[in-house]
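A short write-up of the structure that comes next.
What you are looking at is a predicted structure, and each value in this text was computed from that prediction instead of being measured.
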Amino acid sequence: MKLKGDQTTARAMNRRLILNLLRQEGPKSRAELATITQLSPAAVTFVVGDLVEEGIVTEGEAVSSFTGRRPIPVQINYGHGLAIGFKLMADTVECVATDLATSPLAAIRIPMPSRAPNDVADLLAATVPRLVGLAGRTHAKLTGIGISMPGVINHEQTICIRSHRFNWDNVPLASLLANRANVPVWLEDDTNAYAIAQQLFGLGRQHRNMAVLAVGVGISCALVIEGKLYRGANGAAGKFGHTLYEENGRLCECGKRGCLMAYHSEVSMLRRWREATGGGEDLGAPELRQALAAEDPTAVRIVEDAGRGIGTALANLVNVTDPEVIVAGGEAVSLGAHFLTPLQEALARRTFRMPPPILPDWEDNSWARGAAALVTQKMFDFESVGGVAKPFHSFG
């Protein structure tokens, strides 16, 4: 005897299968969907009917065929909802409003004067209607909010278990914001969120196994294995920057010494550059890029050394996990060939077999778009993302 729950699960799985096919390959007729997914025509018709009724899928214009029939393609309506992404930085928040394909509609950066959890939740809640207004969809339903931040995250309970950078332990940030904004909220590690965006709509769209390297304030490397983001037993997978680089070396933000990120994150590159030149805090990332453009030997040496150091460490990860591609993001990607070429060369020297291609992909709002992708992922993969659910709310 079949239980009702079995039917509900089957429908959810069929729905996910069809949505992911449309996401990957674009518009398809119902007959094509049935052929490719090997679902029955009745099952496809049932799922597509629900999706059309909900506004998630729309019907296109009928197309001619050799049989004389004119099949009607269906496609995902990415504009039917709005997603908001917040990326918590050291003292600012990168904010973006996107459609459900994470295409940005509005983006701002706001100061974060306090890191106290309730103050952060108040700040984010106050920013939500502002972003919706800037997006020009004041009467649209807000589908949800994604928050990304550096730390160990329990994605099912949407709790920040530990963040060294924020000095947080067991902070239920998603619940705090959901109670204020009255929409579903998801919380994820920042590099994991960026990897989810790459998997859904970016350079990892056609790959089931990939590494996603991010080099900015810290260094992380998320892994997608057989199409699933790998979080590890405790949500702490991907903390690549805390691998050992030098025994009893420089102090890291985690409290230990000799971590890779204590030497080769963008922040660490800047610190080493200031130390080498006697410069002060006025020497920042823009000045480092200018020095690289002018082929300043000290700047070039430090950035190339960082590329080699990260590439060497990355080779160890590649030898263990064997990804198809490595997507490279984070602010350090904008350092260009002085950073990426030594990284690629070191990787090639140290890998067991032919190294996977490194695909740089970084824009100013990439972190926040990754956070917004947490909202969209819920639509495509019903079991991968935990969330704090609240009733939908319209602004306007």
Side-chain angles (χ1 to χ4, degrees), residues 191 194-195 198 202-204 207 209-225 230 237-254 256-273 275-276 285 288-289 291-362 366:
T191 305
Y194 175 59
Q198 289 293 333
L203 298 176
H207 300 288
N209 294 278
M210 68 173 175
V212 180
L213 175 70
V215 183
V217 175
I219 302 175
S220 293
C221 192
L223 293 172
V224 173
I225 300 174
Y230 179 73
K239 305 305 178 189
F240 182 59
H242 297 291
T243 55
L244 180 64
Y245 180 74
E246 182 175 316
E247 191 73 42
N248 299 317
R250 290 177 179 264
L251 183 66
C252 180
E253 69 174 26
C254 71
K256 296 182 173 60
R257 289 190 174 274
C259 293
L260 180 68
M261 64 179 277
Y263 291 83
H264 297 319
S265 68
E266 187 186 51
V267 169
S268 298
M269 289 185 234
L270 287 170
R271 185 182 64 245
R272 293 174 63 198
W273 186 44
E275 291 172 354
L288 178 58
R289 285 156 180 74
L292 290 174
E295 295 293 330
D296 175 81
T298 303
V300 169
R301 174 178 56 80
I302 289 171
V303 171
E304 288 184 347
D305 185 47
R308 279 190 295 271
I310 294 172
T312 300
L314 189 61
N316 294 324
L317 184 68
V318 167
N319 287 336
V320 173
T321 60
D322 190 27
E324 299 169 60
V325 297
I326 299 170
V327 177
E331 290 81 359
V333 168
S334 64
L335 296 173
H338 287 301
F339 175 67
L340 291 172
T341 299
L343 191 158
Q344 291 169 320
E345 291 173 347
L347 179 67
R349 283 196 303 271
R350 301 279 181 170
T351 47
F352 173 71
R353 58 183 297 276
M354 181 72 71
I358 296 178
L359 310 176
D361 185 29
W362 191 252
S366 290

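Rounding to the nearest 0.5 Å places CZ of R349 at 10.5 Å from OG1 of T351. Here CG of L347 is found 11.5 Å from CG of L340. Values are rounded to the nearest 0.5 Å. If you take OG on S220 and NZ on K239, they are separated by 5.0 Å, rounding to the nearest 0.5 Å. Interatomic distance, S366 OG to E331 CD, rounded to the nearest 0.5 Å: 9.0 Å. Atom CG in L244 sits 11.0 Å away from atom SG in C252 (nearest 0.5 Å). Note that OG1 of T321 is 12.0 Å distant from CE of M210, once rounded to the nearest 0.5 Å.
The two residues L317 and C221 make their nearest non-hydrogen contact at CD2-SG, 3.5 Å. Residues A337 and P342 approach most closely at O-CD, 3.4 Å, considering heavy atoms. Heavy atoms only, all atoms of each residue included: A237 and Y230 are closest at CB-O, 3.7 Å. Taking every heavy atom of both residues into account, P360 and V333 meet most closely at CB-CG1, 3.9 Å. Smallest separation of non-hydrogen atoms from D305 and R272: OD2-NH2, 2.9 Å. Scanning both residues, G241 and C259, for their nearest heavy atoms gives O-CB, 3.4 Å.
Below 30°, between 30° and 60°, or above 60°: for Y263 and Y245 the angle between ring planes is between 30° and 60°, a tilted geometry.
Considering only heavy atoms from C-beta on, M269 comes within 4.5 Å of V303 through its side chain. At a threshold of 4.5 Å between non-hydrogen side-chain atoms, the residues Q198 and V224 do not count as touching. The closest side-chain heavy-atom distance from I219 to H264 is below 4.5 Å. Using a 4.5 Å heavy-atom cutoff, the side chains of P323 and V318 are in contact. The side-chain heavy atoms of D361 and Y194, taken from C-beta on, include a pair separated by under 4.5 Å.
Contact check on E266 versus R289 returns a salt bridge, with a Lys/Arg side-chain nitrogen under 4.0 Å from an Asp/Glu carboxylate oxygen.
With L288 as the partner, the side-chain contact (heavy atoms from CB on, under 4.5 Å) test is satisfied by one option alone out of D296, L335, I302: L335. Applying side-chain contact (heavy atoms from CB on, under 4.5 Å) to I326 and the options L359, L343, L314 leaves one that passes, L314.
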- [ ] Go through F352 and D322 one step at a time and tell me if the side-chain contact (heavy atoms from CB on, under 4.5 Å) criterion holds.
- [x] CA-CA 10 Å; F352 173 71; D322 190 27; over 6 Å; no

TODO: Test side-chain contact (heavy atoms from CB on, under 4.5 Å) on L203 and V325 and set out the steps.
DONE: CA-CA 9 Å; L203 298 176; V325 297; over 6 Å; no

Task: From CA spacing to verdict: side-chain contact (heavy atoms from CB on, under 4.5 Å), V300, L292 - done: CA-CA 6 Å; V300 169; L292 290 174; 4.1 Å; yes

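Heavy atoms from other residues, nucleotides or ligands lying under 6.0 Å from CZ of R271 number more than 12.
With hydrogens and angles disregarded, a donor-acceptor distance shorter than 3.5 Å links the side chain of R257 to the backbone of G249. Here the side chain of T312 pairs no donor or acceptor atom with the backbone of A346 at under 3.5 angstrom.
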